[in-house]
Amino acid sequence: MGTTNAQVQRRRNKKADQYAKQNYGSTSTIGPRQVSVIYDIFIANKNGTNCSVQSLKNHHPASTIESVIMVLLGRKLIKRAGGRGRCYEVTARGFDVAMMVDRSSIAKGLGLVATNMPVKK
């Protein structure tokens with residue numbers, strides 16, 4: 001059986017709602033947790049290692065890391081490293097976000113958000 005336009009539209013709405021819930025109601029801004037995960041992956045890649053889910057769970061709440069990774073993969077800010085399952089590396093767009101974080105100096109306890117990061121199709 002083929003999918004109808006209504007089924008496709010429901011899937012799109014569900015995905016948009018999911019992204020909106022995880023990104024403070026915005027479909028083009030990623031929040032502080034997503035930015036910090038991108039930066040952690042960038043640092044691991046910079047040191048010559050691939051960043052695994054387990055190493056991310058050491059720095060971030062374990063209950064949310066899977067959804068954060070899904071959001072970043074959907075926005076094409078990170079990609080799977082060499083197709084080896086659960087290791088990740090930053091893409092060119094993710095690299096731009098990580099470099100902005102790397103160049104900034106912010107007070108302890110504040111988080112950065114990245115704007116103009118729409119969902120890629």
Side-chain angles (χ1 to χ4, degrees):
M1 293 187 111
T3 58
T4 63
N5 283 339
Q7 289 172 326
V8 171
Q9 191 61 36
R10 274 194 297 266
R11 272 192 239 131
R12 286 183 185 156
N13 289 342
K14 183 178 178 184
K15 187 113 100 167
D17 290 343
Q18 184 178 17
Y19 282 127
K21 286 177 191 172
Q22 294 171 350
N23 294 303
Y24 309 102
S26 174
T27 57
S28 65
T29 301
I30 58 172
R33 182 165 294 140
Q34 287 94 350
V35 172
S36 66
V37 167
I38 289 173
Y39 189 68
D40 286 346
I41 294 171
F42 167 74
I43 293 297
N45 295 160
K46 186 174 160 183
N47 292 334
T49 61
N50 289 326
C51 191
S52 67
V53 172
Q54 188 58 41
S55 64
L56 289 172
K57 285 182 180 180
N58 294 336
H59 295 92
H60 303 280
S63 61
T64 62
I65 199 66
E66 296 292 336
S67 62
V68 168
I69 295 238
M70 186 188 72
V71 168
L72 295 176
L73 285 170
R75 292 176 185 273
K76 299 202 191 263
L77 295 170
I78 63 172
K79 62 182 178 181
R80 295 188 195 282
R84 289 183 296 200
R86 298 173 61 89
C87 291
Y88 301 96
E89 56 188 31
V90 294
T91 61
R93 293 187 73 213
F95 181 79
D96 291 341
V97 172
M99 289 307 295
M100 285 188 269
V101 173
D102 199 38
R103 292 183 195 131
S104 67
S105 59
I106 59 170
K108 211 174 210 178
L110 295 179
L112 298 173
V113 297
T115 58
N116 296 326
M117 299 290 147
V119 176
K120 293 292 185 181
K121 293 183 181 181

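Remember, it's a predicted structure, so these values are computed and weren't measured experimentally. For the single chain, residues carry numbers from 1 onward in sequence order.
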Practice item. Output, in order, the C-alpha distance, side-chain angles, deciding distance and verdict of side-chain contact (heavy atoms from CB on, under 4.5 Å) for K46 and D102. Key: CA-CA 12 Å; K46 186 174 160 183; D102 199 38; 4.2 Å; yes
Check your understanding: Can you name the closest pair of heavy atoms from T91 and K76 and give their distance?
Key -> OG1-O, 2.8 Å
Check your understanding: How far apart are the closest heavy atoms of E66 and V53, and which atoms are they?
Key -> OE2-CG1, 3.5 Å
Exercise for review: Could you tell me whether the side chain of L73 reaches within less than 4.5 Å of the side chain of R80, counting heavy atoms only?
Suggested key: yes
Practice item. Using the test side-chain hydrogen bond (donor to acceptor under 3.5 Å, both in side chains), find all partners of D96 that sit at least two apart in sequence or belong to another chain. Key: none
Review point. So, do P61 and R33 sit near enough that their side-chain heavy atoms are less than 4.5 Å apart?
Key: yes
**Study point:** In one Ile/Leu/Val/Met/Phe/Trp/Tyr side-chain cluster, 4.5 Å: V35, M100
**Key:** no
Check your understanding: Stepwise, does the side-chain contact (heavy atoms from CB on, under 4.5 Å) test hold for H60 with V37?
Key -> CA-CA 8 Å; H60 303 280; V37 167; 3.7 Å; yes
Review point. Among I78, V90, L56, which residue meets the side chain to side chain contact (heavy atoms under 4.5 Å, CB included) test with C51?
Key: L56
Point to revise | Side chain to side chain, K79 and Y88, heavy atoms closer than 4.5 Å | key: no
Point to revise | Distance-minimising heavy-atom pair for I41 and E89 | key: CG2-CA, 3.7 Å
Review point. Is there side-chain contact between Q34 and L77, with at least one heavy-atom pair below 4.5 Å?
Key: no
Review point. Rounded to the nearest 0.5 Å, what separation is found between the CD1 atom of I69 and the OG1 atom of T64?
Key: 10.0 Å
